[in-house]
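The structure under discussion appears below in the form of structure tokens.
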Amino acid sequence: MNEIELDQLSPEQIEELEANIAAKKLAEKNAKKQEIMNYKSLVKETVSNHIVLLANVSSILSDVKAKIYGSLATVIELKQELFGAKSGQQSHTFSDDEGNSITIGWRTIDKYDDTLDMGIDLVKQFMSSLATDEKSAKLVRYLEQLLKKDSKGNLKPNRVVELLNTAEEENSELLTGGVDIILKSYKPIRSVIFIEAEIIDNQGKKQSIPLSITSVDFPQGFDANFDVFK
């Protein structure tokens, strides 16, 4: 590219050069603006197309869930009629001769009412009444662990069971009263109905069937470009 000596150009030539530079910059700016507009249009089109696909998948899953639940709920009712009892269990698993299985049930969210802290306070009163020998100090540390709340401010149900066992062993009215309040304050909330399935693969091992778009694998041979996340 030949260098341009500005001092050798006439005013008209300089003006023309400046106009050409300005025009070039404007063209580049407009081209960049158009590329951005094209990108935004591509995003909108892609989302619009895929949101319909995902909504259809969700609808199919909903229909399949209702079909499977309704069918197996009938099986559960029949089981209860045949054996004349209700187990009260939160999930039921059914298998075929090949070992494939389907499990349906419901999950719970641990919740306690406002009397929980009253029960905890009584347990702490019992702890403060203990002697200071090594045995009682060990019991205090154990109870402190059982009284630790989770991030949501609740006790774990398995810890409440351990508290109950400890209360029965210690035979203390104060401790038993506190644990009784804690037990009665437990008000679990039914969360979601779940359906899980497992199949027996060619090696005879159980494999879970992914039933969510998050857990399912890509099809064999699909090249997932993970470099876009780097």
Side-chain angles (χ1 to χ4, degrees), residues 58 61-62 64-66 68-95 101-198 206 208-212 214-215:
S58 178
L61 283 174
S62 178
V64 171
K65 182 174 183 178
I68 293 174
Y69 181 83
S71 177
L72 291 182
T74 301
V75 174
I76 294 171
E77 290 177 346
L78 178 59
K79 179 174 67 172
Q80 292 170 345
E81 291 176 6
L82 286 173
F83 293 95
K86 289 190 175 183
S87 63
Q89 63 197 82
Q90 294 181 7
S91 65
H92 297 262
T93 300
F94 302 94
S95 303
S101 64
I102 300 176
T103 301
I104 67 168
W106 50 276
R107 307 193 192 282
T108 59
I109 300 175
D110 296 330
K111 287 289 183 182
Y112 294 80
D113 65 26
D114 61 321
T115 63
L116 171 63
D117 288 329
M118 303 298 101
I120 291 177
D121 183 66
L122 288 182
V123 176
K124 288 183 176 179
Q125 288 182 39
F126 165 77
M127 291 163 57
S128 63
S129 69
L130 294 175
T132 56
D133 57 33
E134 183 178 347
K135 180 179 178 181
S136 60
K138 184 177 180 180
L139 177 59
V140 168
R141 289 193 297 270
Y142 177 64
L143 290 174
E144 286 176 343
Q145 288 295 319
L146 296 182
L147 292 176
K148 281 188 176 180
K149 296 181 179 180
D150 60 20
S151 59
K152 297 180 180 178
N154 295 319
L155 297 180
K156 292 293 184 183
N158 63 316
R159 291 181 179 177
V160 176
V161 173
E162 293 182 40
L163 276 171
L164 179 61
N165 294 335
T166 303
E168 292 174 348
E169 292 174 2
E170 294 299 318
N171 195 26
S172 163
E173 290 186 6
L174 193 60
L175 178 58
T176 301
V179 173
D180 184 60
I181 292 174
I182 292 174
L183 284 171
K184 290 178 179 178
S185 72
Y186 183 54
K187 301 291 189 298
I189 298 175
R190 183 175 295 186
S191 178
V192 295
I193 296 293
F194 69 87
I195 296 177
E196 297 173 345
E198 292 181 323
K206 279 192 173 184
S208 295
I209 299 177
L211 296 176
S212 76
T214 301
S215 58

Taking the side chain as everything from C-beta on, heavy atoms only, tell me whether Val64 gets closer than 4.5 Å to Ile195.
no
Do Ile189 and Thr108 touch side chain to side chain, with heavy atoms closer than 4.5 Å?
no
To the nearest 0.5 Å, what is the distance between [atom1] on [X] and [atom2] on [Y]?
X: Leu211; Y: Lys65; atom1: CG; atom2: NZ; result: 10.5 Å
X: Leu122; Y: Asp180; atom1: CG; atom2: CG; result: 10.0 Å
X: Leu146; Y: Asn158; atom1: CG; atom2: CG; result: 9.0 Å
X: Thr176; Y: Glu168; atom1: OG1; atom2: CD; result: 8.0 Å
X: Glu198; Y: Thr103; atom1: CD; atom2: OG1; result: 6.5 Å
X: Glu169; Y: Leu164; atom1: CD; atom2: CG; result: 10.0 Å

Which atom pair, heavy atoms only, marks the closest approach of [X] to [Y]?
X: Leu155; Y: Tyr112; result: O-OH, 2.9 Å
X: Phe194; Y: Trp106; result: CE2-N, 3.5 Å
X: Leu147; Y: Leu163; result: CD2-CD1, 4.0 Å
X: Ile104; Y: Ala73; result: CD1-N, 4.4 Å
X: Leu174; Y: Phe126; result: CD2-N, 3.3 Å
X: Gly70; Y: Thr74; result: O-OG1, 3.0 Å

Tell me, yes or no, whether the heavy-atom count around [X] atom [atom1], taken from other residues, nucleotides or ligands under 6.0 Å, exceeds 12.
X: Gln89; atom1: CD; answer: yes
X: Phe94; atom1: CZ; answer: yes
X: Lys187; atom1: NZ; answer: yes
X: Lys184; atom1: NZ; answer: no
X: Asn171; atom1: CG; answer: no

side-chain contact (heavy atoms from CB on, under 4.5 Å) for Tyr186 and Leu116? Distances and angles first, verdict last.
CA-CA 8 Å; Tyr186 183 54; Leu116 171 63; over 6 Å; no
Side-chain ion pair, Lys148 and Glu162, N-O less than 4.0 Å:
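Not counted as a salt bridge, because no side-chain N and carboxylate O are separated by less than 4.0 Å.
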Worked check of salt bridge (charged side-chain N to carboxylate O under 4.0 Å, His left out) between Asp150 and Arg159
CA-CA 11 Å; Asp150 60 20; Arg159 291 181 179 177; over 6 Å; no
Output, in order, the C-alpha distance, side-chain angles, deciding distance and verdict of side chain to side chain donor-acceptor pair (under 3.5 Å) for Gln125 and Asp121.
CA-CA 6 Å; Gln125 288 182 39; Asp121 183 66; 2.9 Å; yes
